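Structure first, then comments.
This structure is a prediction, so every number in the text was calculated from the model and none was measured. Just the heavy atoms: all of them, side chains too, but no hydrogens, waters or symmetry mates, feed the values below. Below, read A as the first sequence line, B as the second, and so on, with proteins coming before strands; counting in each chain starts at 1.
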There are 2 protein chains.
Amino acid sequence: MLVIGERINGMFRNVRRAIENKDKAIIHQVAERQIEAGADALDINVGPTRGKATDNMLWLIETVQEVTDKTLCIDTPKFDVMQEALRACENPRLINSTKATEEELEKYTALAVETNSRLIALTIDARGVPADVDGRVAMGATIVTKAMEAGMGIPDLYIDPVILPVNVAPKGPEHVMEAIRQLKLLSDPPPKFLIGLSNVSQSCRETHLINRIFLAMAISAGLDGAIMDATDRDLMEAAITAELLMEKQIYCDDYVSAYLRSR
Amino acid sequence: MLVIGERINGMFRNVRRAIENKDKAIIHQVAERQIEAGADALDINVGPTRGKATDNMLWLIETVQEVTDKTLCIDTPKFDVMQEALRACENPRLINSTKATEEELEKYTALAVETNSRLIALTIDARGVPADVDGRVAMGATIVTKAMEAGMGIPDLYIDPVILPVNVAPKGPEHVMEAIRQLKLLSDPPPKFLIGLSNVSQSCRETHLINRIFLAMAISAGLDGAIMDATDRDLMEAAITAELLMEKQIYCDDYVSAYLRSR
(Lines give C-alpha, C1' and ligand atoms only; values in the text may rest on other atoms or scores of the structure.)
Protein backbone atom coordinates (compact mmCIF):
# COMPACT_ATOMS: atom_id res chain seq x y z
CA MET A 1 0.00 0.00 0.00
CA LEU A 2 1.28 3.42 -0.94
CA VAL A 3 0.91 5.67 2.10
CA ILE A 4 1.29 9.30 1.07
CA GLY A 5 1.75 11.51 4.13
CA GLU A 6 -0.70 14.40 3.93
CA ARG A 7 0.77 16.83 6.43
CA ILE A 8 3.17 18.87 4.29
CA ASN A 9 0.41 21.20 3.24
CA GLY A 10 0.14 24.95 3.69
CA MET A 11 -3.41 24.42 4.94
CA PHE A 12 -1.83 23.41 8.25
CA ARG A 13 -0.82 26.54 10.11
CA ASN A 14 2.65 25.39 11.22
CA VAL A 15 3.54 24.45 7.65
CA ARG A 16 2.17 27.70 6.21
CA ARG A 17 4.22 29.72 8.68
CA ALA A 18 7.31 27.62 8.01
CA ILE A 19 6.97 28.27 4.27
CA GLU A 20 6.44 32.00 4.79
CA ASN A 21 9.37 32.25 7.23
CA LYS A 22 11.55 29.82 5.28
CA ASP A 23 11.91 27.76 8.45
CA LYS A 24 13.43 24.51 7.26
CA ALA A 25 13.54 22.84 10.67
CA ILE A 26 9.73 22.67 10.93
CA ILE A 27 9.39 21.16 7.46
CA HIS A 28 12.17 18.65 8.15
CA GLN A 29 10.42 17.63 11.36
CA VAL A 30 6.98 17.18 9.74
CA ALA A 31 8.51 15.15 6.90
CA GLU A 32 10.57 12.96 9.21
CA ARG A 33 7.60 12.24 11.47
CA GLN A 34 5.46 11.05 8.56
CA ILE A 35 8.27 8.83 7.27
CA GLU A 36 9.10 7.37 10.66
CA ALA A 37 5.40 6.59 11.09
CA GLY A 38 5.35 4.63 7.81
CA ALA A 39 4.75 7.05 4.93
CA ASP A 40 6.10 5.80 1.57
CA ALA A 41 5.72 9.21 -0.07
CA LEU A 42 4.95 12.79 0.94
CA ASP A 43 2.29 15.08 -0.47
CA ILE A 44 3.77 18.52 -1.13
CA ASN A 45 1.24 21.34 -1.21
CA VAL A 46 2.05 24.99 -0.50
CA GLY A 47 -1.62 25.77 0.20
CA PRO A 48 -2.77 29.35 0.69
CA THR A 49 0.65 30.81 1.55
CA ARG A 50 1.77 34.37 0.83
CA GLY A 51 4.30 34.86 -1.93
CA LYS A 52 4.80 33.33 -5.39
CA ALA A 53 3.43 29.77 -5.57
CA THR A 54 6.31 28.52 -7.72
CA ASP A 55 8.97 29.91 -5.40
CA ASN A 56 7.24 28.45 -2.35
CA MET A 57 6.86 25.08 -4.05
CA LEU A 58 10.50 24.94 -5.15
CA TRP A 59 11.69 25.86 -1.66
CA LEU A 60 9.42 23.24 -0.13
CA ILE A 61 10.66 20.50 -2.49
CA GLU A 62 14.28 21.42 -1.90
CA THR A 63 13.72 21.44 1.87
CA VAL A 64 11.97 18.09 1.96
CA GLN A 65 14.58 16.52 -0.33
CA GLU A 66 17.21 17.40 2.26
CA VAL A 67 15.78 14.76 4.62
CA THR A 68 14.32 12.06 2.36
CA ASP A 69 14.66 10.39 -1.01
CA LYS A 70 11.10 9.08 -0.95
CA THR A 71 8.55 9.90 -3.64
CA LEU A 72 7.20 13.45 -3.60
CA CYS A 73 3.58 13.83 -4.57
CA ILE A 74 3.47 17.30 -6.10
CA ASP A 75 0.09 18.76 -5.25
CA THR A 76 -0.90 21.93 -7.08
CA PRO A 77 -3.79 22.89 -9.36
CA LYS A 78 -1.51 25.15 -11.43
CA PHE A 79 0.03 23.52 -14.50
CA ASP A 80 2.98 25.92 -14.70
CA VAL A 81 3.82 25.38 -11.02
CA MET A 82 3.61 21.61 -11.63
CA GLN A 83 6.01 21.84 -14.58
CA GLU A 84 8.58 23.81 -12.59
CA ALA A 85 8.18 21.56 -9.57
CA LEU A 86 8.71 18.34 -11.54
CA ARG A 87 11.85 19.79 -13.08
CA ALA A 88 13.21 20.71 -9.65
CA CYS A 89 12.27 17.45 -7.99
CA GLU A 90 15.06 14.87 -7.92
CA ASN A 91 13.15 12.30 -5.85
CA PRO A 92 10.67 9.97 -7.58
CA ARG A 93 7.70 12.08 -8.69
CA LEU A 94 3.94 11.67 -8.50
CA ILE A 95 1.74 14.31 -10.15
CA ASN A 96 -1.27 15.29 -7.99
CA SER A 97 -3.45 15.65 -10.04
CA THR A 98 -5.29 15.85 -13.33
CA LYS A 99 -9.04 15.91 -13.86
CA ALA A 100 -10.69 13.58 -16.37
CA THR A 101 -11.42 16.10 -19.12
CA GLU A 102 -9.80 15.23 -22.46
CA GLU A 103 -7.85 18.46 -22.55
CA GLU A 104 -6.37 18.09 -19.06
CA LEU A 105 -5.66 14.40 -19.53
CA GLU A 106 -3.70 15.07 -22.73
CA LYS A 107 -1.66 17.79 -21.04
CA TYR A 108 -0.92 15.87 -17.85
CA THR A 109 -0.27 12.43 -19.36
CA ALA A 110 2.22 14.09 -21.75
CA LEU A 111 3.87 15.81 -18.79
CA ALA A 112 4.03 12.51 -16.88
CA VAL A 113 5.75 10.77 -19.79
CA GLU A 114 8.11 13.71 -20.43
CA THR A 115 9.21 13.93 -16.78
CA ASN A 116 9.06 10.20 -16.00
CA SER A 117 6.49 10.82 -13.26
CA ARG A 118 3.59 8.78 -12.00
CA LEU A 119 0.17 10.46 -12.26
CA ILE A 120 -2.95 10.75 -10.11
CA ALA A 121 -6.12 11.27 -12.17
CA LEU A 122 -9.38 12.22 -10.46
CA THR A 123 -12.78 11.09 -11.71
CA ILE A 124 -13.91 14.71 -11.96
CA ASP A 125 -14.83 16.51 -15.16
CA ALA A 126 -16.31 19.90 -15.99
CA ARG A 127 -19.59 18.87 -14.34
CA GLY A 128 -17.91 17.75 -11.11
CA VAL A 129 -17.84 14.41 -9.31
CA PRO A 130 -20.27 11.79 -10.69
CA ALA A 131 -23.17 10.96 -8.37
CA ASP A 132 -22.98 7.26 -9.21
CA VAL A 133 -20.71 4.30 -9.97
CA ASP A 134 -21.18 4.37 -13.74
CA GLY A 135 -19.96 7.95 -14.07
CA ARG A 136 -16.79 7.12 -12.16
CA VAL A 137 -16.21 3.98 -14.24
CA ALA A 138 -16.77 5.87 -17.52
CA MET A 139 -14.25 8.54 -16.51
CA GLY A 140 -11.84 5.86 -15.30
CA ALA A 141 -12.02 4.27 -18.75
CA THR A 142 -11.29 7.63 -20.40
CA ILE A 143 -8.33 8.13 -18.07
CA VAL A 144 -6.84 4.71 -18.90
CA THR A 145 -7.36 5.26 -22.65
CA LYS A 146 -5.68 8.66 -22.60
CA ALA A 147 -2.78 7.34 -20.53
CA MET A 148 -2.27 4.48 -23.00
CA GLU A 149 -2.40 6.89 -25.96
CA ALA A 150 0.25 9.03 -24.29
CA GLY A 151 2.49 6.00 -23.82
CA MET A 152 2.32 5.89 -20.05
CA GLY A 153 2.90 2.64 -18.19
CA ILE A 154 -0.54 1.82 -16.77
CA PRO A 155 0.92 0.69 -13.40
CA ASP A 156 2.21 4.28 -13.08
CA LEU A 157 -1.35 5.58 -13.23
CA TYR A 158 -3.32 6.15 -10.02
CA ILE A 159 -7.05 6.71 -10.46
CA ASP A 160 -8.69 8.60 -7.59
CA PRO A 161 -12.44 7.85 -7.61
CA VAL A 162 -13.02 10.84 -5.29
CA ILE A 163 -14.58 10.05 -1.94
CA LEU A 164 -16.92 12.79 -0.70
CA PRO A 165 -17.82 13.42 2.96
CA VAL A 166 -20.19 10.71 4.21
CA ASN A 167 -22.37 13.28 5.96
CA VAL A 168 -23.31 14.91 2.63
CA ALA A 169 -22.86 11.97 0.20
CA PRO A 170 -23.96 8.82 2.07
CA LYS A 171 -23.73 6.60 -1.02
CA GLY A 172 -20.19 7.78 -1.75
CA PRO A 173 -18.31 4.99 0.06
CA GLU A 174 -20.23 2.26 -1.76
CA HIS A 175 -19.84 4.04 -5.10
CA VAL A 176 -16.09 4.45 -4.66
CA MET A 177 -15.60 0.79 -3.66
CA GLU A 178 -17.72 -0.53 -6.52
CA ALA A 179 -15.96 1.77 -9.02
CA ILE A 180 -12.60 0.40 -7.87
CA ARG A 181 -13.83 -3.21 -8.24
CA GLN A 182 -15.10 -2.57 -11.76
CA LEU A 183 -12.14 -0.49 -12.94
CA LYS A 184 -9.66 -3.13 -11.69
CA LEU A 185 -10.98 -5.34 -14.50
CA LEU A 186 -10.50 -2.71 -17.17
CA SER A 187 -6.96 -3.45 -18.27
CA ASP A 188 -4.19 -5.93 -17.62
CA PRO A 189 -2.12 -4.80 -15.81
CA PRO A 190 -4.74 -2.62 -14.13
CA PRO A 191 -4.21 0.98 -13.08
CA LYS A 192 -3.78 1.62 -9.37
CA PHE A 193 -6.36 3.23 -7.08
CA LEU A 194 -5.81 5.91 -4.50
CA ILE A 195 -7.99 8.24 -2.44
CA GLY A 196 -7.60 11.42 -0.45
CA LEU A 197 -8.81 9.63 2.66
CA SER A 198 -9.65 12.43 5.09
CA ASN A 199 -12.31 13.76 2.71
CA VAL A 200 -14.65 10.93 3.78
CA SER A 201 -14.94 12.37 7.29
CA GLN A 202 -14.73 16.09 6.57
CA SER A 203 -16.93 18.04 9.02
CA CYS A 204 -17.80 14.81 10.83
CA ARG A 205 -17.12 14.47 14.54
CA GLU A 206 -15.58 10.98 14.57
CA THR A 207 -13.02 11.76 11.86
CA HIS A 208 -10.35 9.27 12.95
CA LEU A 209 -12.78 6.39 13.40
CA ILE A 210 -14.51 7.00 10.05
CA ASN A 211 -11.16 7.37 8.25
CA ARG A 212 -9.74 4.10 9.50
CA ILE A 213 -12.88 2.03 8.97
CA PHE A 214 -13.36 3.35 5.43
CA LEU A 215 -9.69 2.75 4.66
CA ALA A 216 -10.03 -0.91 5.69
CA MET A 217 -13.17 -1.33 3.60
CA ALA A 218 -11.63 0.37 0.56
CA ILE A 219 -8.49 -1.81 0.81
CA SER A 220 -10.76 -4.86 0.70
CA ALA A 221 -12.24 -3.42 -2.53
CA GLY A 222 -8.77 -3.12 -4.07
CA LEU A 223 -7.45 0.28 -3.00
CA ASP A 224 -3.67 0.59 -3.55
CA GLY A 225 -2.88 3.78 -1.71
CA ALA A 226 -4.11 6.82 0.16
CA ILE A 227 -3.12 10.35 0.96
CA MET A 228 -3.49 10.21 4.73
CA ASP A 229 -1.95 11.10 8.06
CA ALA A 230 0.68 8.41 8.60
CA THR A 231 1.23 9.63 12.16
CA ASP A 232 -2.29 8.49 13.11
CA ARG A 233 -1.13 5.19 14.58
CA ASP A 234 -4.61 3.63 14.74
CA LEU A 235 -5.06 4.46 11.06
CA MET A 236 -1.75 2.86 10.10
CA GLU A 237 -2.62 -0.25 12.11
CA ALA A 238 -5.97 -0.45 10.34
CA ALA A 239 -4.27 -0.19 6.94
CA ILE A 240 -1.62 -2.77 7.78
CA THR A 241 -4.20 -5.19 9.20
CA ALA A 242 -6.46 -4.78 6.15
CA GLU A 243 -3.49 -5.58 3.92
CA LEU A 244 -2.70 -8.65 6.04
CA LEU A 245 -6.30 -9.83 5.64
CA MET A 246 -6.06 -9.28 1.87
CA GLU A 247 -2.99 -11.53 1.88
CA LYS A 248 -0.59 -8.75 0.93
CA GLN A 249 1.62 -9.62 3.89
CA ILE A 250 2.62 -12.90 5.48
CA TYR A 251 1.34 -13.35 9.02
CA CYS A 252 3.64 -13.09 11.97
CA ASP A 253 2.66 -12.09 15.50
CA ASP A 254 4.24 -8.66 15.14
CA TYR A 255 3.04 -8.07 11.57
CA VAL A 256 2.45 -4.36 12.31
CA SER A 257 6.08 -3.72 13.28
CA ALA A 258 7.27 -6.03 10.50
CA TYR A 259 5.39 -3.92 7.95
CA LEU A 260 6.81 -0.69 9.32
CA ARG A 261 10.35 -2.07 9.45
CA SER A 262 10.06 -3.10 5.80
CA ARG A 263 9.50 0.53 4.60
CA MET B 1 -26.52 -5.77 11.84
CA LEU B 2 -27.30 -8.70 14.11
CA VAL B 3 -24.80 -8.62 16.97
CA ILE B 4 -24.87 -11.94 18.81
CA GLY B 5 -23.07 -11.67 22.13
CA GLU B 6 -20.55 -14.51 22.39
CA ARG B 7 -19.80 -14.55 26.11
CA ILE B 8 -22.46 -16.89 27.50
CA ASN B 9 -20.33 -19.90 26.77
CA GLY B 10 -19.05 -22.55 29.15
CA MET B 11 -15.63 -22.16 27.53
CA PHE B 12 -15.24 -19.03 29.66
CA ARG B 13 -14.32 -20.08 33.18
CA ASN B 14 -16.71 -17.76 35.06
CA VAL B 15 -19.64 -19.02 32.98
CA ARG B 16 -18.63 -22.68 33.39
CA ARG B 17 -18.43 -22.28 37.16
CA ALA B 18 -21.73 -20.40 37.25
CA ILE B 19 -23.43 -23.25 35.37
CA GLU B 20 -21.87 -25.89 37.62
CA ASN B 21 -22.80 -23.97 40.79
CA LYS B 22 -26.18 -22.81 39.45
CA ASP B 23 -25.11 -19.23 40.16
CA LYS B 24 -27.71 -17.12 38.37
CA ALA B 25 -26.24 -13.76 39.34
CA ILE B 26 -23.11 -14.32 37.23
CA ILE B 27 -25.12 -15.34 34.18
CA HIS B 28 -27.49 -12.38 34.60
CA GLN B 29 -24.52 -10.04 34.78
CA VAL B 30 -22.79 -11.44 31.68
CA ALA B 31 -26.07 -11.29 29.72
CA GLU B 32 -26.88 -7.75 30.82
CA ARG B 33 -23.41 -6.49 29.99
CA GLN B 34 -23.60 -7.81 26.43
CA ILE B 35 -27.05 -6.29 25.94
CA GLU B 36 -26.13 -2.92 27.42
CA ALA B 37 -23.11 -2.87 25.09
CA GLY B 38 -25.35 -3.38 22.04
CA ALA B 39 -25.95 -7.12 21.55
CA ASP B 40 -29.20 -7.93 19.70
CA ALA B 41 -29.06 -11.61 20.62
CA LEU B 42 -27.09 -13.89 22.92
CA ASP B 43 -25.26 -17.06 22.03
CA ILE B 44 -26.06 -19.78 24.59
CA ASN B 45 -23.46 -22.54 24.84
CA VAL B 46 -22.89 -24.71 27.90
CA GLY B 47 -19.42 -25.68 26.71
CA PRO B 48 -17.43 -28.37 28.53
CA THR B 49 -19.36 -28.24 31.81
CA ARG B 50 -19.87 -31.14 34.20
CA GLY B 51 -23.36 -32.61 34.37
CA LYS B 52 -26.01 -33.45 31.79
CA ALA B 53 -25.81 -31.16 28.75
CA THR B 54 -29.59 -30.87 28.41
CA ASP B 55 -30.10 -29.95 32.06
CA ASN B 56 -27.34 -27.37 31.90
CA MET B 57 -28.73 -25.90 28.68
CA LEU B 58 -32.27 -25.66 30.02
CA TRP B 59 -31.02 -24.00 33.23
CA LEU B 60 -28.95 -21.54 31.19
CA ILE B 61 -31.87 -20.63 28.91
CA GLU B 62 -34.22 -20.17 31.85
CA THR B 63 -31.66 -18.02 33.64
CA VAL B 64 -30.94 -15.78 30.66
CA GLN B 65 -34.66 -15.39 29.92
CA GLU B 66 -35.10 -13.92 33.37
CA VAL B 67 -33.22 -10.80 32.28
CA THR B 68 -33.92 -10.41 28.57
CA ASP B 69 -36.47 -11.12 25.85
CA LYS B 70 -33.88 -10.87 23.07
CA THR B 71 -33.17 -13.69 20.63
CA LEU B 72 -31.28 -16.66 22.07
CA CYS B 73 -28.86 -18.33 19.71
CA ILE B 74 -28.88 -21.94 20.90
CA ASP B 75 -25.39 -23.27 20.36
CA THR B 76 -24.93 -27.03 20.70
CA PRO B 77 -23.69 -29.79 18.38
CA LYS B 78 -26.19 -32.27 19.87
CA PHE B 79 -29.50 -32.55 18.04
CA ASP B 80 -31.43 -33.86 21.05
CA VAL B 81 -30.15 -31.02 23.25
CA MET B 82 -31.15 -28.57 20.51
CA GLN B 83 -34.67 -30.01 20.34
CA GLU B 84 -35.18 -29.74 24.10
CA ALA B 85 -33.65 -26.27 24.19
CA LEU B 86 -35.88 -24.90 21.44
CA ARG B 87 -38.96 -26.25 23.22
CA ALA B 88 -37.89 -24.58 26.47
CA CYS B 89 -36.91 -21.26 24.88
CA GLU B 90 -39.67 -18.66 24.93
CA ASN B 91 -37.54 -15.87 23.45
CA PRO B 92 -37.07 -15.69 19.68
CA ARG B 93 -34.85 -18.62 18.67
CA LEU B 94 -31.83 -19.01 16.40
CA ILE B 95 -30.43 -22.49 15.84
CA ASN B 96 -26.60 -22.58 15.95
CA SER B 97 -25.95 -24.59 13.80
CA THR B 98 -26.27 -27.14 11.02
CA LYS B 99 -23.57 -28.33 8.67
CA ALA B 100 -24.19 -28.45 4.92
CA THR B 101 -24.59 -32.21 4.50
CA GLU B 102 -27.97 -33.22 3.01
CA GLU B 103 -28.85 -35.31 6.01
CA GLU B 104 -28.15 -32.58 8.58
CA LEU B 105 -29.79 -29.89 6.48
CA GLU B 106 -33.01 -31.94 6.21
CA LYS B 107 -33.09 -32.54 9.95
CA TYR B 108 -32.32 -28.97 10.98
CA THR B 109 -34.44 -27.12 8.43
CA ALA B 110 -37.41 -29.29 9.50
CA LEU B 111 -36.66 -28.44 13.12
CA ALA B 112 -36.44 -24.72 12.29
CA VAL B 113 -39.83 -24.81 10.57
CA GLU B 114 -41.42 -26.91 13.32
CA THR B 115 -40.21 -24.62 16.13
CA ASN B 116 -40.47 -21.33 14.21
CA SER B 117 -36.74 -20.71 14.66
CA ARG B 118 -34.19 -19.02 12.47
CA LEU B 119 -31.22 -21.19 11.43
CA ILE B 120 -27.46 -20.78 11.05
CA ALA B 121 -25.98 -23.13 8.43
CA LEU B 122 -22.22 -23.54 8.13
CA THR B 123 -20.45 -24.17 4.81
CA ILE B 124 -18.90 -27.32 6.25
CA ASP B 125 -19.57 -30.83 5.03
CA ALA B 126 -18.12 -34.25 5.80
CA ARG B 127 -14.82 -33.18 4.23
CA GLY B 128 -14.58 -30.00 6.30
CA VAL B 129 -14.35 -26.33 5.32
CA PRO B 130 -13.76 -25.72 1.59
CA ALA B 131 -10.33 -24.31 0.75
CA ASP B 132 -11.77 -21.95 -1.86
CA VAL B 133 -14.66 -19.66 -2.80
CA ASP B 134 -16.40 -22.10 -5.14
CA GLY B 135 -16.76 -24.76 -2.46
CA ARG B 136 -18.40 -22.28 -0.11
CA VAL B 137 -20.72 -21.04 -2.85
CA ALA B 138 -21.71 -24.59 -3.84
CA MET B 139 -22.55 -25.46 -0.23
CA GLY B 140 -24.39 -22.17 0.17
CA ALA B 141 -26.54 -23.09 -2.83
CA THR B 142 -27.30 -26.50 -1.30
CA ILE B 143 -28.24 -24.81 1.97
CA VAL B 144 -30.64 -22.39 0.27
CA THR B 145 -32.22 -25.20 -1.77
CA LYS B 146 -32.79 -27.39 1.27
CA ALA B 147 -34.21 -24.48 3.25
CA MET B 148 -36.65 -23.71 0.41
CA GLU B 149 -37.67 -27.37 0.15
CA ALA B 150 -38.38 -27.40 3.89
CA GLY B 151 -40.57 -24.32 3.56
CA MET B 152 -38.31 -21.97 5.52
CA GLY B 153 -38.46 -18.24 4.90
CA ILE B 154 -35.10 -17.49 3.26
CA PRO B 155 -34.60 -14.26 5.28
CA ASP B 156 -34.67 -16.53 8.37
CA LEU B 157 -31.63 -18.39 7.06
CA TYR B 158 -28.12 -17.30 8.09
CA ILE B 159 -25.28 -18.81 6.08
CA ASP B 160 -21.95 -18.85 7.92
CA PRO B 161 -19.14 -19.13 5.32
CA VAL B 162 -16.70 -20.11 8.10
CA ILE B 163 -13.75 -17.81 8.63
CA LEU B 164 -10.59 -19.66 9.68
CA PRO B 165 -7.68 -18.10 11.60
CA VAL B 166 -5.69 -15.80 9.32
CA ASN B 167 -2.40 -17.18 10.63
CA VAL B 168 -3.18 -20.66 9.24
CA ALA B 169 -5.54 -19.79 6.34
CA PRO B 170 -4.31 -16.49 4.86
CA LYS B 171 -6.71 -16.62 1.91
CA GLY B 172 -9.70 -17.19 4.20
CA PRO B 173 -10.78 -13.55 4.59
CA GLU B 174 -10.88 -13.00 0.81
CA HIS B 175 -12.68 -16.31 0.25
CA VAL B 176 -15.33 -15.53 2.85
CA MET B 177 -15.96 -12.04 1.47
CA GLU B 178 -16.16 -13.23 -2.13
CA ALA B 179 -18.47 -16.11 -1.14
CA ILE B 180 -20.81 -13.63 0.55
CA ARG B 181 -20.82 -11.37 -2.53
CA GLN B 182 -21.65 -14.28 -4.83
CA LEU B 183 -24.21 -15.95 -2.55
CA LYS B 184 -26.07 -12.63 -2.06
CA LEU B 185 -27.09 -12.94 -5.72
CA LEU B 186 -28.40 -16.48 -5.35
CA SER B 187 -32.00 -15.82 -4.39
CA ASP B 188 -34.39 -12.89 -3.98
CA PRO B 189 -34.77 -12.22 -1.12
CA PRO B 190 -31.25 -13.43 -0.33
CA PRO B 191 -30.28 -15.41 2.73
CA LYS B 192 -28.41 -13.54 5.43
CA PHE B 193 -24.71 -13.95 6.24
CA LEU B 194 -23.10 -14.29 9.62
CA ILE B 195 -19.69 -15.29 10.96
CA GLY B 196 -18.17 -16.43 14.23
CA LEU B 197 -15.85 -13.43 14.21
CA SER B 198 -13.22 -14.27 16.78
CA ASN B 199 -12.15 -17.31 14.77
CA VAL B 200 -10.29 -15.03 12.34
CA SER B 201 -7.78 -14.04 15.00
CA GLN B 202 -7.54 -17.27 16.99
CA SER B 203 -3.98 -17.75 18.30
CA CYS B 204 -2.97 -14.38 16.87
CA ARG B 205 -1.51 -11.72 19.13
CA GLU B 206 -3.49 -8.70 17.89
CA THR B 207 -6.88 -10.38 18.27
CA HIS B 208 -8.94 -7.23 18.88
CA LEU B 209 -7.37 -5.30 16.01
CA ILE B 210 -7.74 -8.18 13.54
CA ASN B 211 -11.34 -8.82 14.63
CA ARG B 212 -12.49 -5.25 14.13
CA ILE B 213 -10.75 -4.69 10.82
CA PHE B 214 -12.05 -7.95 9.37
CA LEU B 215 -15.55 -7.16 10.63
CA ALA B 216 -15.52 -3.81 8.81
CA MET B 217 -14.26 -5.46 5.62
CA ALA B 218 -16.85 -8.26 5.81
CA ILE B 219 -19.67 -5.77 6.40
CA SER B 220 -18.60 -4.00 3.20
CA ALA B 221 -18.92 -7.38 1.43
CA GLY B 222 -22.49 -7.80 2.71
CA LEU B 223 -22.19 -9.45 6.11
CA ASP B 224 -25.44 -9.19 8.12
CA GLY B 225 -24.34 -10.35 11.54
CA ALA B 226 -21.63 -11.78 13.75
CA ILE B 227 -21.19 -13.76 16.89
CA MET B 228 -18.81 -11.45 18.71
CA ASP B 229 -17.96 -9.76 21.98
CA ALA B 230 -20.35 -6.80 22.13
CA THR B 231 -18.53 -5.45 25.17
CA ASP B 232 -15.43 -4.77 23.03
CA ARG B 233 -16.26 -1.09 22.51
CA ASP B 234 -13.74 -0.57 19.68
CA LEU B 235 -15.26 -3.55 17.88
CA MET B 236 -18.80 -2.19 18.22
CA GLU B 237 -17.65 1.22 16.97
CA ALA B 238 -16.02 -0.44 13.96
CA ALA B 239 -19.24 -2.34 13.17
CA ILE B 240 -21.45 0.73 13.57
CA THR B 241 -19.12 2.86 11.44
CA ALA B 242 -18.94 0.21 8.72
CA GLU B 243 -22.74 0.11 8.65
CA LEU B 244 -22.84 3.91 8.41
CA LEU B 245 -20.46 3.78 5.45
CA MET B 246 -22.65 1.11 3.81
CA GLU B 247 -25.59 3.52 4.16
CA LYS B 248 -27.44 1.35 6.68
CA GLN B 249 -27.71 4.27 9.06
CA ILE B 250 -28.34 7.98 8.51
CA TYR B 251 -25.42 10.18 9.50
CA CYS B 252 -25.54 12.29 12.62
CA ASP B 253 -22.56 13.48 14.63
CA ASP B 254 -23.28 10.99 17.40
CA TYR B 255 -24.20 8.09 15.10
CA VAL B 256 -22.49 5.58 17.43
CA SER B 257 -24.69 6.48 20.41
CA ALA B 258 -27.72 6.81 18.11
CA TYR B 259 -27.18 3.22 16.92
CA LEU B 260 -26.83 1.92 20.46
CA ARG B 261 -29.89 3.82 21.68
CA SER B 262 -31.94 2.31 18.84
CA ARG B 263 -31.38 -1.28 20.05
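Each of A/Leu209, A/Leu215, A/Val166, A/Asp234 has some count of heavy-atom pairs under 4.5 Å with chain B, and the biggest count is that of A/Leu209. For the set A/Gly172, A/Ser203, A/Ala216, the count of heavy-atom pairs under 4.5 angstrom toward chain B peaks at A/Ala216. Among B/Glu174, B/Arg212, B/Glu237, the residue making the largest number of heavy-atom pairs under 4.5 Å with chain A is B/Glu174.
Counting non-hydrogen atoms of other residues, nucleotides and ligands closer than 6.0 Å to NZ of B/Lys184 gives a total above 12. Residue A/Arg33 places its CZ atom among 12 or fewer non-hydrogen atoms of other residues, nucleotides or ligands, all under 6.0 Å distant. Heavy-atom contacts from other residues, nucleotides or ligands closer than 6.0 Å to CZ of B/Arg205 number more than 12.
For residues 187-201 of chain A, a heavy-atom distance under 4.5 Å to chain B picks out A/Val200, given by residue number. Contacts with chain B (heavy atom to heavy atom, under 4.5 Å) involve these residues of residues 238-263 of chain A, listed by number: A/Ala238, A/Thr241, A/Ala242, A/Leu244, A/Leu245, A/Met246, A/Glu247, A/Tyr251, A/Asp253, A/Asp254, A/Tyr255, A/Val256.
Here B/Ile213 contributes atom CD1 and A/Ile219 contributes atom CD1; the two are 8.5 Å apart, rounded to the nearest 0.5 Å.
For B/Met217, the parts lying under 4.5 angstrom from a heavy atom of chain A are both the backbone and the side chain.
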